[in-house]
Amino acid sequence: MKERYDFNEIELKWQKYWAERKLHKTDADTSKEKFYCLEMFPYPSGKIHMGHVRNYAIGDVIARYKRMRGFNVLHPMGWDAFGLPAENAAIKHDVHPAKWTYENIDYMKKQLDRMGLSYDWEREVATCSPEYYKWNQWFFLRLYEKGLAYKRASFVNWCPSCVTVLANEQVIDGKCWRCDSTVIQKELEQWFFRITHYAEELLQGCDELKGWPERVVTMQKNWIGKSEGVEVDFPIDGSDEKLRIYTTRPDTIFGITYMCLAPGHPLSEKLVKDKDRLEVVKAKYGKMEDKEGLFTGHYAINPLTNEKIPVYVANFVLMEYGTGAIMSVPAHDQRDFEFAKKYGLPIKVVIVPKEQSVVSLQDPVGSQQSAELLKEAFEDEGVLINSGQFSGLKSADAKREIGKYIEENSLGKRTLNYKLRDWGISRQRYWGTPIPIIYCDTCGIVPVPDKDLPVILPEDVKFTGKGGSPLLESEAFLKVNCPKCGGNARRETDTMDTFVDSSWYFIAYCLKGGIDLKSQISNLKSPINYWMPVDQYIGGIEHAVLHLLYSRFFTMCMRDLGIVNGSEPFKNLLTQGMVCKETWKCPEHDWLFPDEVKNGKCMHCGKNVEKGRVEKMSKSKKNVIDPDALIKKYGADTIRLFSLFAAPPERDLEWSDKGVEGAYRFLNKVWGIVYKYKGQRAGIPIAYSLSPIASSLLRKTHQTIKRVTDDIEKDYHFNTAIAALMELVNDISSFAPETDEDRTVAGIAIKNTLLMLAPFAPHITEELWEATNEKNSIFEQPWPVWDAELAKEEEIELVVQVNGKLRAKILVPAGLSDDDAKQTALKEQRIKEMLDGKQVKKVVVVKGKLVNIVIG
RNA sequence: GCCGGAGUGGCGGAAUUGGUAGACGCAAGGGACUUAAAAUCCCUCGGGUCUCUGACCUGUACGAGUUCGAGUCUCGUCUCCGGCACCA
């Protein structure tokens with residue numbers, strides 16, 4: 001053993017040892033209790049960042065801890081390898097996306113290994129490999145067979161300059177995130193997954209997600225957005241057409257003064273004569289900030305009042321929600337109100353607050369006048385007025401009664417609605433999974449037969465960055481014979497959204513030696529059913545809705561295909577906070593790196609630099625820390641330890657260079673105490689002969705085992721677990737042994753410290769474990785168990801309060817009776833003085849802790 | 001606007017079922033060792049008052065309340081952060 005803590009040598013030594021001994025290989029023994037520990041796999045962008053370090057450090061502690069607790073642990077890692085950055089790199093640097101991606105994977109894999117992460121690399125997946133994306137295609141075909149994958153025209157965000165569809169997230173202030181061109185709404189044929197088929201189950205399932213953070217569950221519920229309402233048919237005056245609308249407020253139906261159609265609604269094409277104006281409204285579809293309407297020249301009949309109401313087309317009415325048409329009640333809906341003001345439409349009050357109802361019911365003229373005075377819509381529920389037979393009812397009752405009336409008179413039906421929309425998966429890009437569909441002039445849409453899977457991405461393509469998907473230029477890919485009739489046909493050139501890849505990778509990890517979903521159908525004893533669900537999933541909050549919702553959807557689909565038994569993929573979810581750092585901003589040069597700031601001034605212009613907020617590390621804010629540099633300076637153990645110690649996992653973490661040094665000091669201290677007791681074996685002490693200092697250290701050791709175990713088990717609060725270990729190390733450090741027995745106890749304390757520190761700082765603990773002449777890997781040891789008797793305090797500090805204020809602390813033997821505690825407190829000199837001449841009204845005793853004396 | 005979450009020293013953060021507020025770490029100040037520095041070790045460290053070896057007052061965003069006792073529970077207010085934002 002060396003006197004100096006040479007982290008680099010030690011860490012490489014043990015990483016080699018773990019790899020050679022295949023220590024992290026998943027146990028094939030399925031009779032053992034399993035634990036599936038999963039961290040969100042990274043996109044191979046080039047290098048890992050501190051967010052990855054934190055995410056994977058958290059997961060690694062859990063995996064290593066659970067192994068020591070005797071679980072059969074699955075802890076895999078892989079690569080979310082399809083995506084746009086690879087294609088951009090291809091355009092910019094003339095390198096094939098595959099080459100770029102695999103080189104990044106190689107580099108990042110080395111970085112992860114250098115972190116000492118305990119992955120079973122035999123189950124590694126890269127979603128861009130044909131072996132993986134073949135199953136995207138296979139799964140797509142199964143959904144297609146069930147009608148859960150379908151094609152339809154829909155409005156999409158379209159960048160005319162990049163010639164591609166953009167996701168909503170890629171549209172910033174109505175402009176393309178890449179080229180700043182104005183994004184337009186274009187109607188395009190797209191493939192969709194019918195996630196709405198599972199809307200109700202996805203919503204119901206939320207209540208079963210007990211191991212998820214509440215806010216993530218709430219976000220999912222809001223995203224699904226269920227509402228209850230009524231669909232009503234309005235006949236079009238002078239026509240056989242009927243206009244069907246959806247409303248959640250049937251109680252306001254007597255207040256309708258106009259109707260609105262979505263621009264894409266079939267009736268809008270039929271009714272509007274001025275097609276040019278219609279195009280203007282269409283172009284502004286979904287642009288909620290400026291409302292654009294157009295009178296169709298037609299009227300609908302309110303089936304409850306027989307009033308004639310004008311029908312408009314409006315850009316803010318969504319074709320995808322409800323029926324694509326609405327009834328408008330300007331008095332009771334703010335948006336309708338603003339639209340009515342803009343187009344000079346009447347406003348009719350039909351709901352009044354409860355307290356006004358008596359007056360208003362008798363004075364409909366007054367309420368008519370008040371409508372003209374309205375400054376904004378009254379959106380609350382209340383009491384109905386001017387509503388025929390329903391006047392006087394409360395909103396809640398009216399909703400029920402009017403709903404009933406509509407159904408009984410065949411005017412419509414009560415129904416449910418969801419905000420959740422079907423998932424558009426088509427992307428006009430190269431670096432993704434080809435959609436396995438063939439278009440034949442004779443047969444139409446023909447799915448690629450299973451035997452022809454995978455449909456492989458062609459190599460003979462150029463990445464120019466201009467003019468749509470590179471797949472359009474590959475003749476070899478495009479031209480194909482129809483699988484049905486053998487005639488000339490062409491392939492679908494769109495690829496799948498990369499969220500498809502990440503929606504089932506956790507199922508792929510369950511299978512070793514090649515992914516084959518088909519062979520697992522209806523196999524209750526399959527490895528998938530052994531390992532699923534994931535026991536602990538760890539990742540960023542940014543995936544709270546999309547990735548996690550899509551994964552739940554896929555799991556339900558896979559269940560219905562017989563591939564997996566359960567319905568939910570992730571039993572427990574830990575959303576770790578962001579890694580942040582302070583920022584610096586110069587009025588002239590914007591964001592600065594810390595070393596561009598000299599004495600609070602910008603080194604370029606000398607102007608005073610403002611200390612910015614602590615923000616998520618990002619290149620643009622110039623507040624990133626490079627993990628490679630840190631590992632070089634302090635080693636992986638220090639980086640892991642600090643990122644776990646600085647904050648509880650779910651909270652944001654502020655990176656502190658000084659804090660890292662603190663973690664490094666601690667590991668050196670651990671190194672020092674082991675060196676001090678070099679060769680000291682942890683024997684079995686004879687309790688009754690222990691010196692006071694030894695029994696105190698032994699007690700602290702057992703108390704620490706309890707604290708650390710509890711902190712890990714309860715919410716993975718590693719920061720307090722590490723704090724407890726620091727306390728124990730401080731005690732060992734100041735321990736001054738006099739006898740062999742004392743030294744034995746020190747040995748016990750050290751042994752347990754190393755065992756508990758091992759999941760956090762795996763390399764140094766392996767090294768020190770070996771140095772204390774212990775055999776095998778420290779990770780083959782069981783987690784220590786605490787002894788309640790040994791952890792028990794002999795003496796306690798009895799807190800004495802007078803009227804709830806702390807007045808004295810008395811050292812008393814543990815296990816003192818309540819009455820003895822009370823008497824001891826009353827006899828205390830200081831207390832006696834305070835009670836002098838006062839009457840004791842009451843004495844409250846908290847067992848083994850506190851006495852509160854209440855005086856008048 | 002709606003829905004979540006959070007406000008504790010100079011800083012990151014601790015505080016079982018309501019029971020000693022500030023564990024652990026960072027920074028800061030003082031001291032030891034050293035020719036010196038680094039490293040290491042020891043002491044102090046929420047604010048205030050005093051008759052300053054000790055004691056008292058005050059303090060967990062703000063204001064009330066419940067209680068013998070509130071960082072923790074209840075009601076109200078303010079601020080910050082995050083998500084969804086014209087979903088009919």
Side-chain angles (χ1 to χ4, degrees), chain A residues 213-223 225-227 229-230 245-249 252 259-260 262 286-289 291 314-318 320-329 332-336 338-339 379 417-421 541-542 544-545 577-578 580 582 613-614 641-642 645-648 650-663 665-666 668-669 672 707 710-711 714 717 719-730 733-734 797-809 830 841-847 849-855:
Chain A
E214 201 188 303
R215 65 173 178 147
V216 176
V217 176
T218 310
M219 279 159 76
Q220 294 227 339
K221 280 185 184 168
N222 290 345
W223 190 264
K226 181 179 179 174
S227 69
V230 187
I245 60 96
Y246 170 75
T247 181
T248 55
R249 290 295 300 272
T252 65
M259 319 276 290
C260 286
K287 282 241 174 121
M288 301 309 190
E289 49 281 3
K291 292 182 185 72
N315 67 326
F316 62 83
V317 179
L318 305 168
E320 289 85 355
Y321 186 77
T323 60
I326 60 165
M327 62 180 219
S328 293
V329 186
H332 305 294
D333 182 283
Q334 187 58 24
R335 181 203 48 213
D336 293 349
E338 283 162 21
F339 191 86
E379 294 188 318
N417 245 302
Y418 302 88
K419 285 188 200 170
L420 184 70
R421 295 183 217 165
I541 185 76
E542 67 272 20
V545 180
M578 297 179 297
C580 304
E582 60 184 10
R613 296 207 334 210
V614 174
L641 193 72
F642 174 74
F645 175 64
E650 70 280 4
R651 232 193 281 191
D652 285 353
L653 179 150
E654 188 188 338
W655 197 264
S656 148
D657 296 338
K658 293 287 183 185
V660 177
E661 279 177 33
R665 269 201 288 274
F666 171 69
N668 273 288
K669 201 168 184 176
R707 277 178 68 187
D710 288 352
D711 284 345
K714 187 193 141 209
H717 276 182
N719 56 328
T720 48
I722 293 166
L725 284 169
M726 285 173 168
E727 281 186 49
L728 179 59
V729 168
N730 287 344
S733 183
S734 57
E797 218 174 35
L798 184 70
V799 172
V800 186
Q801 297 180 329
V802 177
N803 286 350
K805 284 191 176 168
L806 175 70
R807 292 300 172 201
K809 290 177 190 176
R830 256 182 59 68
K841 277 186 177 172
K842 191 176 171 183
V843 179
V844 182
V845 182
V846 180
K847 185 139 195 77
K849 214 170 226 171
L850 170 145
V851 177
N852 187 17
I853 301 159
V854 186
I855 56 173

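Throughout, protein chains are lettered first and strands after them, A, B, ... in sequence-line order, and every chain is numbered starting at 1. The basis for the numbers below is simple: all heavy atoms, side chains too, and nothing from hydrogens, waters or symmetry mates.
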Between N852(A) and K842(A): side-chain donor-acceptor atoms closer than 3.5 Å: no
Under 4.0 angstrom between K842(A) side-chain N/O and rC68(B) OP1 or OP2: yes
So does A646(A) get a backbone contact from the side chain of N719(A), meaning a donor-acceptor N/O pair under 3.5 Å? no
On a plain distance test, is the side chain of N222(A) in donor-acceptor contact with the base of rC84(B) below 3.5 Å? no
Who pairs with rU51(B) - Watson-Crick or G-U, where each distance is under 3.5 Å: none
Hey, does R807(A) reach any base, or is it just sugar-phosphate, or nothing, if we go heavy atoms under 4.0 Å? sugar-phosphate
Within the 4.0 Å heavy-atom criterion, would you say N852(A) contacts the bases, only the backbone, or no part of the nucleic acid? base
The Watson-Crick or G-U wobble partner of rG12(B), with both key distances under 3.5 Å, is rC24(B)
Complementary nucleotide for rA38(B) - Watson-Crick or wobble, under 3.5 Å: none
Heavy atoms under 4.0 Å, any strand shown: does F645(A) hit a base, just sugar-phosphate, or nothing? base
Find which nucleotide of RNA chain B each of R830(A) and K809(A) is nearest to by heavy atoms, and output the residue with the more 5' nucleotide. K809(A)
Does a distance-only test, which skips hydrogens and angles, find a donor-acceptor pair under 3.5 Å between the side chain of E214(A) and the base of rG5(B)? no
Hey, does R335(A) reach any base, or is it just sugar-phosphate, or nothing, if we go heavy atoms under 4.0 Å? base
Interatomic distance at P, rA27(B) relative to rG82(B), whole Å: 30 Å
Please evaluate the base of rC87(B) for a donor-acceptor partner in the side chain of R421(A) within a cut-off of under 3.5 Å? yes
